[in-house]
Amino acid sequence: MKKRDLISIEDLSNQEIDELFQVADNMLARDRGAGGPKACSGRIMATLFYEPSTRTRLSFESAMQRLGGTVISCPDMKSSSTAKGESIADTARVVSSYADVLVVRHYWDGAVQAMAEYAEVPVINAGDGSHEHPTQTLCDLYTLRKEKGDLKGLTVVICGDLKHGRTIHSLVYALARFGAHVITLAANGMELPQYVIEKLEREYHYSLAPVASDDLHAVVRETDAIYLTPSQPHQLALFTQVDAEIQQRLSKMASGIKFDAFYVTRKQKERIEEGSEGGNGSYPRIGRDFLKERRFKDTVVMHPLPRVDELSQEVDKDRRGIYFKQAAYGVPIRMALLKFLFDSLDKAKSRAGQKKAPLYESPEPIGPRCANANCVTRTENISTRPRFEVLFTGPGGALILKCFYCDHQLKVQYMGHTRSRKYCPYDIALGDTVREWLQHGELAIFDSIKQAEELGYEPYKSGPQRSIMDEAEMREALCRMSEEILKESKDPERLLILGIRTKGTYLAKRIAEELEKRSQKRIEVGEIEIYGAGDDLRSLSPLEGGPSSPSVKDRGVILVDDVIHTGMTVKNAMSIIFKSGRPQSVRLAVLVDRGHREMPVKPNYVGKHIPSSEKERVRVKLREVEQDERDKVVIYSIVSPENSHQRSAPSSNPKADN
Ligand code: ASP
């Protein structure tokens with residue numbers, strides 16, 4: 001049997017969503033009675049909820065019954081065989097032989113995808129961890145459209161816990177697809193995850209810009225907003241210098257925005273680790289202040305519910321509070337969806353947003369692991385096979401693996417060729433080779449050199465290295481850059497030196513030391529991590545009692561990296577900065593500029609310009625990173641591992657990475 005599952009909002013095309021809404025309209029018009037009168041007569045729906053639910057579960061059950069179907073359920077999955085240690089794969093297999101559709105909610109990101117792979121019948125995601133909640137998004141879009149008409153061009157402000165809120169993640173993808181603008185008003189430390197922002201940029205060409213938050217003071221204080229918009233008319237996020245002119249444009253832009261909706265969410269406290277800092281700061285609240293503001297007179301207020309204290313009851317009586325309608329639409333929308341999935345059975349039609357091939361699955365017994373600690377692959381190896389979408393478009397030309405289950409991303413460090421048993425660090429110049437190996441199932445990806453060598457891989461060779469900057473030159477360049485930075489900084493105390501991990505961080509520290517020597521002031525240093533699941537931004541010094549994440553608000557940020565090439569790394573670092581606040585300015589300092597920019601980014605301070613070809617690699621060697629080495633910069637050419645036996649070049653240090 002061919003079946004359609006609904007795991008992500010990406011599994012439905014825009015046209016299918018439009019069609020679903022028409023069916024939902026009919027369901028509403030016929031007083032929810034039919035869709036042909038008993039479209040699900042004789043069918044059974046099983047609801048498997050591993051987390052609490054009121055609306056989603058009851059509206060699904062109501063929808064099924066209104067369509068003439070019946071429902072089986074486990075009152076609490078804790079009382080099911082899960083308590084005895086049954087895998088989600090086995091539960092899915094078994095229950096799918098009792099029912100014709102499964103509606104599943106689970107606390108692990110990607111768990112519903114895993115269950116869908118074992119179930120014989122369609123599976124609907126009723127919320128998986130912090131990942132997605134596609135049927136809530138259908139209710140949200142339907143409500144918005146009923147209230148505001150066409151979604152294209154609407155501006156929706158999403159507020160609250162944007163990090164853990166699964167309704168938010170499905171919603172922003174859908175808003176992007178329908179061409180709406182999104183403004184984020186995140187609670188402290190609960191910004192939209194980087195992988196979500198990157199997907200918006202990569203797949204929908206959204207650009208990111210900071211908006212003056214004073215403008216939204218009626219809603220929340222102390223939180224900066226980000227404006228996500230189809231990539232016109234501005235590309236503000238790409239400016240490395242948020243100077244006075246851009247500031248002015250930002251403020252104008254903010255005051256000109258017509259806000260169509262505020263989508264408020266509660267703090268997802270069940271996903272915040274005890275003792276962690278998450279959510280200790282201010283939280284956006286909607287209440288009297290909001291209602292009083294003239295500029296919000298036509299702004300509707302939505303909420304996926306349940307609410308805690310982020311949405312005051314005063315809004316209930318106001319015509320703009322539409323969240324109970326939003327919840328009520330759950331029934332016709334879910335009726336339409338059930339009908340749609342049953343109608344699609346055995347139709348050859350492929351799944352709309354099918355995750356794109358080729359997927360990478362390790363040909364070796366060990367391979368890369370998803371970086372998201374809450375991903376189903378981290379806990380249920382029995383029910384999952386770690387698979388990744390391979391993205392060649394990562395920052396700085398990085399090769400990125402995107403988890404098939406939960407969408408989190410990780411950067412490829414080392415790769416190998418299964419036939420020749422050679423490994424090397426990934427480099428942009430090897431892009432075509434990787435594509436080929438991937439196609440032939442000959443690509444191995446490793447977390448570390450140790451892993452590669454334990455699997456019997458050997459390092460491949462590169463062309464000879466040529467030194468282009470020695471220790472003294474590097475010291476001299478960093479001194480000169482520090483001097484220039486100081487000269488252009490009116491208030492050195494407001495400086496924040498942010499290194500891009502790893503080598504950028506060491507250079508940032510060296511620059512900060514120089515600045516301290518010259519200015520006799522304490523200079524704060526921080527670090528940006530653009531990959532992985534950890535904190536994006538952290539303080540390095542001074543640390544005494546300070547926050548773990550430095551405040552960028554109104555600071556003169558100096559972003560530091562070792563080599564600038566395509567500019568993607570910098571672009572990425574900029575979105576992380578803007579995500580956490582609005583600095584007074586951001587200036588860029590790099591030790592080496594090697595040209596070939598793909599992004600309109602121009603460094604303000606450069607140690608040395610080294611024009612180089614795409615097939616060459618420039619590596620900065622720092623004594624802090626590479627043992628027994630002196631500071632230097634080398635250049636060498638990449639030799640494909642397959643050809644390496646034809647060359648007699650000396651072996652490169654496989655630790656290379658920049
Ligand atoms: N009911 C929604 C969910 O399950 C929203 C929430 O719980 O805050 O994700």
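These numbers come from a predicted model, not from an experiment.
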Q: Kindly say whether Val331 contributes a backbone atom to a donor-acceptor pair with the side chain of Ser59 at under 3.5 angstrom?
A: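 Flag not set: sc Ser59 to bb Val331 has no pair under 3.5 Å.
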
Q: With sequence neighbours excluded, what pairs up with His106 under the ring-ring contact (aromatic ring centres under 6.0 Å, His included) test?
A: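 Only Tyr50, Trp108 meet the ring-ring contact (aromatic ring centres under 6.0 Å, His included) criterion with His106.
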
Q: Just to verify, what does Ala508 make a side-chain contact (heavy atoms from CB on, under 4.5 Å) with, not counting sequence neighbours?
A: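 Expected list: Ile497, Val525, Val560.
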
Q: Give me the ring orientation class for Phe262 and Phe290: parallel if the planes are under 30° apart, tilted from 30 to 60°, perpendicular past 60°.
A: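 Because their plane-to-plane angle is over 60°, the rings of Phe262 and Phe290 count as perpendicular.
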
Q: Which residues pass the ring-ring contact (aromatic ring centres under 6.0 Å, His included) test with Tyr195, sequence neighbours left out?
A: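 If we apply the ring-ring contact (aromatic ring centres under 6.0 Å, His included) test to Tyr195, skipping adjacent residues, the hits are His408.
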
Q: Salt bridge (Lys or Arg N to Asp or Glu O under 4.0 Å) with Lys292: which residues, sequence neighbours excluded?
A: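 Asp289.
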
Q: Mind checking salt bridge (Lys or Arg N to Asp or Glu O under 4.0 Å) for Lys325 and listing every partner two or more places apart, or none if nothing turns up?
A: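 Per chain and number, Lys325 pairs via salt bridge (Lys or Arg N to Asp or Glu O under 4.0 Å) with Glu147.
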
Q: In Å, rounded to the nearest 0.5 Å, how long is the span from CD of Gln584 to CG of Leu496?
A: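 Output value for this atom pair is 12.0 Å.
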
Q: For atom CZ of Arg369, is the number of surrounding heavy atoms from other residues, nucleotides or ligands below 6.0 Å larger than 12?
A: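 Result for CZ/Arg369: open.
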
Q: Please test Leu48 against Met115 for side chain to side chain contact (heavy atoms under 4.5 Å, CB included), starting from the C-alpha separation and ending with a verdict.
A: CA-CA 11 Å; Leu48 303 176; Met115 290 177 82; 4.0 Å; yes

Q: What I'd like to find out is whether the side chain of Arg334 reaches to under 4.5 Å of the side chain of Ile124, using heavy atoms alone.
A: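 They are not in side-chain contact.
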
Q: Could you check whether atom CZ of Arg288 has more than 12 heavy atoms from other residues, nucleotides or ligands sitting under 6.0 Å from it?
A: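 Open.
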
Q: Could you walk me through whether Val376 and Ile88 pass the side chain to side chain contact (heavy atoms under 4.5 Å, CB included) check?
A: CA-CA 10 Å; Val376 64; Ile88 53 172; 3.8 Å; yes

Q: So, Asp128 side chain and Val104 main chain: donor-acceptor pair closer than 3.5 Å or not?
A: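 No, Asp128 side chain to Val104 backbone: no donor-acceptor pair under 3.5 Å.
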
Q: Can you name the residues that form a ring-ring contact (aromatic ring centres under 6.0 Å, His included) with Phe388, not counting sequence neighbours?
A: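 By the ring-ring contact (aromatic ring centres under 6.0 Å, His included) rule, Phe388 matches no residue at all.
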
Q: With a 4.5 Å cut-off on side-chain heavy atoms, are Pro134 and Asp11 touching?
A: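 Asp11 vs Pro134: side chains apart.
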
Q: State which residues pass side-chain contact (heavy atoms from CB on, under 4.5 Å) with Ala116; sequence neighbours excluded, sorted by chain then number.
A: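 Scan of Ala116 (side-chain contact (heavy atoms from CB on, under 4.5 Å), adjacent residues dropped) gives Lys3, Asp5, Ile7, Val123.
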
Q: Any idea which heavy atoms bring Phe296 and Arg320 closest together, and the distance?
A: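 Nearest heavy atoms, Phe296 then Arg320: O-NH1, 2.9 Å.
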
Q: Any side-chain heavy atom of Leu141 within less than 4.5 Å of one from Leu175?
A: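 Side chain of Leu141 against side chain of Leu175, heavy atoms only: contact under 4.5 Å found.
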
Q: Do Lys269 and His164 come close enough that some side-chain heavy atom pair is under 4.5 Å?
A: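 When only atoms from C-beta onward are counted, His164 and Lys269 do not touch, as no gap falls below 4.5 Å.
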
Q: May I ask you to check whether His303 and Glu310 show a side-chain donor-acceptor distance below 3.5 Å?
A: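 Result is yes, a qualifying pair exists.
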
Q: Partners of Phe21 by ring-ring contact (aromatic ring centres under 6.0 Å, His included), sequence neighbours excluded?
A: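 ring-ring contact (aromatic ring centres under 6.0 Å, His included) list for Phe21, sorted by chain: Tyr142.
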
Q: Who passes salt bridge (Lys or Arg N to Asp or Glu O under 4.0 Å) against Arg145, sequence neighbours left out?
A: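 With sequence neighbours excluded, Arg145 shows a salt bridge (Lys or Arg N to Asp or Glu O under 4.0 Å) to Asp18, given in chain and number order.
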
Q: Considering all heavy atoms of both residues, which atom of Ser170 and which atom of Thr137 are nearest to each other, and what is their separation?
A: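 Reported closest heavy-atom pair: CB-OG1, 3.0 Å.
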
Q: Between Asp447 and Gln413, is a side chain to side chain donor-acceptor pair (under 3.5 Å) present by the stated rule, with each step listed?
A: CA-CA 6 Å; Asp447 287 340; Gln413 302 287 352; over 6 Å; no

Q: Do the side chain of Tyr323 and the main chain of Tyr263 share a donor and acceptor less than 3.5 angstrom apart?
A: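 No; judged by distance alone, with no hydrogens or angles, the pair does not exist.
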
Q: Is Val412 close to Leu401 at the side-chain level, that is, under 4.5 Å between some pair of heavy atoms?
A: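 Contact flag for Leu401/Val412 side chains = yes.
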
Q: Taking Arg285 for the side chain and Ser312 for the main chain, is one N or O donor matched with an acceptor at less than 3.5 Å?
A: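 Here the side-chain-to-backbone pair does not exist.
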
Q: Which atom pair, heavy atoms only, marks the closest approach of Gly153 to His181?
A: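 Heavy atoms of Gly153 and His181 come nearest at O-CD2, 3.5 Å.
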
Q: Can Val112 and His131 be said to form a side chain to side chain contact (heavy atoms under 4.5 Å, CB included), step by step?
A: CA-CA 10 Å; Val112 187; His131 182 225; over 6 Å; no

Q: Roughly how far, to the nearest 0.5 Å, is CG of Asp318 from NZ of Lys297?
A: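 Here the interatomic distance stands at 13.0 Å.
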
Q: Ignoring hydrogens and angles, tell me if any N or O in the side chain of Arg501 forms a donor-acceptor pair with the backbone of Glu527 under 3.5 Å.
A: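 No.
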
Q: Taking only residues two or more places apart in sequence or in another chain, which ones pass side-chain contact (heavy atoms from CB on, under 4.5 Å) with Asp491?
A: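 Listed in chain order: Glu493, Arg494.
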
Q: Would you give the length of the straight line joining atom SG of Cys406 to atom CG of Asn372, rounded to the nearest 0.5 angstrom?
A: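 Reported value, rounded in 0.5 Å steps: 4.5 Å.
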
Q: For Thr299 and Phe259, indicate whether the former's side chain and the latter's backbone hold a donor-acceptor pair under 3.5 Å.
A: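 Answer holds: yes.
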
Q: Would you find a donor on one side and an acceptor on the other, under 3.5 Å apart, between the side chain of Asp161 and the backbone of Arg266?
A: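 No; zero donor-acceptor contacts below 3.5 Å.
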
Q: Could you check Leu537, Leu540, Asp561, Thr505 and say which one makes a side-chain contact (heavy atoms from CB on, under 4.5 Å) with Leu498?
A: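 For Leu498, the side-chain contact (heavy atoms from CB on, under 4.5 Å) test succeeds with only one of Leu537, Leu540, Asp561, Thr505, which is Leu537.
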
Q: What's the spacing between Leu291 CG and Glu314 CD if we round to 0.5 Å?
A: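 Rounded to the nearest 0.5 Å, the CG-CD separation comes out at 6.5 Å.
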
Q: Is it true that a side-chain atom of Thr143 and a backbone atom of Cys139 form a donor plus acceptor pair closer than 3.5 Å?
A: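 Pair found, side chain donor or acceptor close to backbone of Cys139.
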
Q: Would you check if Gln268 and Met190 make a side-chain contact, meaning some heavy-atom pair closer than 4.5 Å?
A: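 Gln268 vs Met190: side chains apart.
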
Q: Any salt bridge between Lys152 and Asp150, counting N to O under 4.0 Å?
A: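 No, Lys152 and Asp150 are not salt-bridged.
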
Q: Ile528 pairs by side-chain contact (heavy atoms from CB on, under 4.5 Å) with which of Leu559, Val557, Asn572?
A: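 The residue from Leu559, Val557, Asn572 that satisfies side-chain contact (heavy atoms from CB on, under 4.5 Å) with Ile528 turns out to be Leu559.
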
Q: Would a distance-only check, ignoring hydrogens and angles, find a side-chain to backbone donor-acceptor pair under 3.5 Å from Asp260 to Thr155?
A: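 Present.
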
Q: With rounding to the nearest 0.5 angstrom, report the CG to CG distance, Leu144 to Leu171.
A: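 It comes to 7.5 Å.
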
Q: Can you tell me which residue pairs pass the salt bridge (Lys or Arg N to Asp or Glu O under 4.0 Å) test with a partner in residues 165-182, sequence neighbours excluded?
A: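 The answer is Glu10-Arg177, Glu51-Arg166.
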
Q: Would you say that Lys146 contacts Gln326 through its side chain, given a criterion of any heavy-atom pair below 4.5 Å between the two side chains?
A: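 Result no, sub-4.5 Å side-chain heavy-atom pair not found.
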
Q: Check whether any side-chain N or O of Arg202 sits under 3.5 Å from a backbone N or O of Leu391 as a donor-acceptor pair, and report yes or no.
A: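 Such a contact is absent between Arg202 side chain and Leu391 backbone.
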
Q: Decide yes or no on side chain to side chain contact (heavy atoms under 4.5 Å, CB included) for Leu12 and Leu138, but give the supporting numbers first.
A: CA-CA 10 Å; Leu12 292 168; Leu138 292 175; 4.0 Å; yes

Q: Is any side-chain heavy atom of Lys571 closer than 4.5 Å to one of Met574?
A: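 They are not in side-chain contact.
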
Q: Testing the basics here: between Arg378 and Cys370, what is the closest heavy-atom pair and its distance to 0.1 Å?
A: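 Reported closest heavy-atom pair: NH1-O, 2.8 Å.
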
Q: Under the rule for side-chain contact (heavy atoms from CB on, under 4.5 Å), what residues qualify as partners of Arg57, not counting sequence neighbours?
A: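 Here the qualifying residues are Thr47, Phe49, Ser53, Glu61, Ser73.
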
